[in-house]
There are 2 protein chains.
Amino acid sequence: MLNYDLTQRGDTPLYRYLYSCIRKDIETGALAADTRLPSKRRLADALDISVNTVMTAYDLLVAEGFVYTAEKKGYYVSRLNYQAPKKKARPPKAAEPEERAWFMDFRAGHAPLDLFPTSLWAKCMREAISAADSLYTTVSWKGLAALRNAIAAELANHRGMTDVSPEQIVIGAGTEYLYGRLLEILGPGITIAGADTGASKFAQIAANHGDHWCYIPVDEKNMRADLISELPVDAVHLSPANLFPYGRSMPIDRRIAFFEWANATPGRWIIEDNYDAEFCFGPAVWRSMFSEDAHEKVIYLNTFSKTMVPTLRISFMVLPEALLKRYEETVSFYTCTVSSFEQYALALFIERGYYERHLLRLLHHYRKLRAAILDEIQQHTVLSQIITVENSDAGTHFLMTARTALTEAEIRARAESRSLRFHFFHPVYPNARPGEVRFIINFAAIDESRMHEVFARLGAVFDG
Amino acid sequence: MLNYDLTQRGDTPLYRYLYSCIRKDIETGALAADTRLPSKRRLADALDISVNTVMTAYDLLVAEGFVYTAEKKGYYVSRLNYQAPKKKARPPKAAEPEERAWFMDFRAGHAPLDLFPTSLWAKCMREAISAADSLYTTVSWKGLAALRNAIAAELANHRGMTDVSPEQIVIGAGTEYLYGRLLEILGPGITIAGADTGASKFAQIAANHGDHWCYIPVDEKNMRADLISELPVDAVHLSPANLFPYGRSMPIDRRIAFFEWANATPGRWIIEDNYDAEFCFGPAVWRSMFSEDAHEKVIYLNTFSKTMVPTLRISFMVLPEALLKRYEETVSFYTCTVSSFEQYALALFIERGYYERHLLRLLHHYRKLRAAILDEIQQHTVLSQIITVENSDAGTHFLMTARTALTEAEIRARAESRSLRFHFFHPVYPNARPGEVRFIINFAAIDESRMHEVFARLGAVFDG
């Protein structure tokens, strides 16, 4: 007879507790296959519960296949080849990743958070919460129309891209996400050429999608164009406004060379990645190849993660008409990956001019900071002798070359003992000369009040 | 001489306006290649502006490659093969997609929005806004630890999955997104078997990732297991708790058959898709194959889009230990696609019990609604004669079969004229008998106050 202590059931309903006791006995083999279970009435009497309770438990065991019935003969244990998983201890909780608190982390690419207009952003989010639309609007696969309109207006009014229709804009949760969709319509099996500025995340995404990547050397005009016609390249990944970490923009003749390459054969594409292009400190006009494109060859990518806060995952892609149709046919079944709520809030933030004002404030801040840093290096007795800064006026970073007898490992150790985390520059085709070490200064994250001390410590790393 | 009307420049800085005038003349060919530009001083005098302004404009044209300099000889127009894009009219604004307002849309899968506890959700979002952490916390590629902890606790306390570590949970912007990542680690070139319940979005995702899909017929025990061992299948896509639209759960013997298949050869996987499994109306215990798995073969997928609001894009995947490592090696470079803010808000919503309370309320509502609908059909003089409802007690939908001489096209036209939008059931291997039409009732979206009228109209569709 099944003899269970039903007082141990806690909050579990009686029928369900009884069900789980019997099920466990079947799983463990305590009740062997084809064993006949007691009749409903007998078990009900023995356990002092209602027949209905037993019946519900038995029915459930039958429905799930642990027990079978034989007409007029009762309930039997099924013959099951069941291996129960080993009982594991209740797993521990996860903790947010802890990062070492560096005095200065040159890998961190973001402005000190107090530069972000948290209260204006919070205001837009609060308004979005109150607008029922933000939760319930049916969103197109391209993203919220209000946000696409705001982006198109921003591009036209402040970025010189007057020709972008909101219908060409596709919103997604990060550039990496949109890149994956793009590869789904261009690939698989295509080859993408990208500038050699170190191992690229996009190369990894391409490899994961069954595509190939080839690294192309750069010169003073940004990525070289002369090499690609010899290679079986289907698309080029360019950053014409600002080649990380060089900060080199691409002059018109190089742009024309890429256009000529793309126009020569159908099925060639230019992927224009405008990451970090908002920050140009010289007189240069922000120009996109998308707007210079006469033959619908350019796919334009940009993100708000860099200009807003990194934890906000909103990027966008502008597709040429020719690809828009293919995109719609091939991948528009994917639901937009950004919640309507956040799209709604960002649309408000842009429409009201908060975004542009924030950008101008950042630009002003970075320009001052950049000049102060260059000055700091110039004034430093050691650094001024051994450091060369790549001349550029774009981006929130610059490339520094140090003439030193120290190895990278030695420099890293000395830096770490001074709580500095360096960002060494490692192109795929190494281009440092002997006795030189190259690294990237992501100056966006430098706190002005610490700047002097940062470069004093940096000097100490190389001093003796 | 370059003769421009500088009063037309609006807000544009002088140097930039002058630059764009000259650039335009170069692009259009009005200034031919190798034309010598006037000296800085001459142009400054002619336009009555400063030499510095002209110099800035000329320097910019040189930097961008439109103009070249010859030592001591001045500035010349570059020889460029430039094709300017055709000027397009300023594109119109986009509008949110407009959907026809149906009296009843049986394709809509969501509960009336007044059932969602908007104020509690808004409360959690407001708290998340105030918590600076929610914007600035560095998030692991798996997602916010607080949300993974909340999900693990929810699974343990309410779904019988006591063995899930928060470290096995990966958060992403929608199940489709996570599916793509999963295919990147399992594929490419694998074959996935999925139940034939109509053309599957997952089959499309697989195809776009270079994988293959094969549709497997279903029987009363959910997807058939006997067919897959004959096919070159690497993974099975199962919905053991609730097979849409049949609402069939999978009994233990069928589950064992799939486990035996997966355990027989390394590299075989079970993808458990628990979409809509929260809603079981019978006495059945919600059971996942993930928790029954003795050999780390099951990948578990679920989403909050169905239980919360559809515009919230948060799903999660629970990976077996064996795959977790591979995931980390292959695709952990992808940044988590859900903003920290929304993860933070959802963690609060779950931790405080709002989520579970909302689920129970929905379950109660759906159970009542479902019974009322079945009753409505039973009472209807026409429908009761021709309609058979697939017996099931799970899911927010059921499968209906109508015996009728009408074709689908005729039924659709009649339904549309009554402002009803039907959801016809089209498995890949058609299984309706002659004289039968099958359709899916997504009853979640039925407003109780309209229910009687909905079925009156539905009856009229079939009546004569």
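Here is how names work: the chains are called A, B, and so on, in the same order as the sequence lines, proteins then strands, and each is numbered from 1.
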Most heavy-atom pairs under 4.5 Å with chain B, out of A:G187, A:S249, A:P188, A:P92, belong to A:P92
Option that, when pairs with chain B are counted at under 4.5 Å, heavy atom only, ranks first among A:T162, A:N81, A:V309, A:L312:
A:N81
Would you say that [X] contacts [Y] through its side chain, given a criterion of any heavy-atom pair below 4.5 Å between the two side chains?
X: B:E292; Y: A:Y82; result: yes
X: A:Q83; Y: B:H295; result: yes
X: A:R313; Y: B:V338; result: no
X: B:I252; Y: A:E64; result: no
X: B:I256; Y: A:L80; result: yes
X: B:E184; Y: A:H209; result: yes
X: B:T335; Y: A:K201; result: yes

Please assess A:E342 against B:E342 for the test side chain to side chain contact (heavy atoms under 4.5 Å, CB included), listing each intermediate value before the final yes or no.
CA-CA 9 Å; A:E342 289 197 329; B:E342 289 197 328; 3.6 Å; yes
Closest non-hydrogen atom pair, [X] against [Y]:
X: A:P91; Y: B:P166; value: CB-CD, 4.4 Å
X: B:Q204; Y: A:F333; value: NE2-CD2, 3.2 Å
X: A:R126; Y: B:S130; value: NH2-OG, 4.5 Å
X: A:P251; Y: B:A63; value: CB-O, 3.7 Å
X: A:A145; Y: B:E96; value: N-OE1, 2.9 Å

Rounded to the nearest 0.5 Å, how far does OG of B:S20 lie from CZ of A:R287?
11.0 Å
For the atom pair OG (A:S119) and CD1 (B:I129), what is the distance rounded to the nearest 0.5 Å?
12.0 Å
Is a donor on one side and an acceptor on the other found under 3.5 Å between the side chain of A:N149 and the backbone of B:A94?
yes
Look only at the side chain of B:N208 and the backbone of A:T330, and say whether a donor-acceptor pair between them is shorter than 3.5 Å.
yes
Does any backbone or side-chain atom of [X] lie under 4.5 Å from a heavy atom of chain A? Answer side chain, backbone, both or neither.
X: B:E27; result: neither
X: B:A146; result: both
X: B:A152; result: neither
X: B:R148; result: side chain
X: B:S140; result: both
X: B:I205; result: both
X: B:R248; result: neither

If the plane angle is over 60° it's perpendicular, under 30° parallel, otherwise tilted; pick one for B:F341 and A:F341.
parallel
Between [X] and chain B, with a heavy-atom cut-off of 4.5 Å, which part of the residue counts as in contact: side chain, backbone, both or neither?
X: A:N263; value: side chain
X: A:A257; value: neither
X: A:V62; value: neither

Would you call B:E296 and A:K86 a salt bridge, taking side-chain N to carboxylate O under 4.0 Å as the test?
no
Counting heavy-atom pairs under 4.5 Å with chain A, the top scorer among B:V139, B:T56, B:D293, B:D253 is B:D293
Picking from B:R79, B:E167, B:Q343, B:M125, which has the most non-hydrogen pairs under 4.5 angstrom with chain A?
B:M125
Full working for side chain to side chain contact (heavy atoms under 4.5 Å, CB included) between B:T311 and A:Y344
CA-CA 11 Å; B:T311 63; A:Y344 196 99; over 6 Å; no
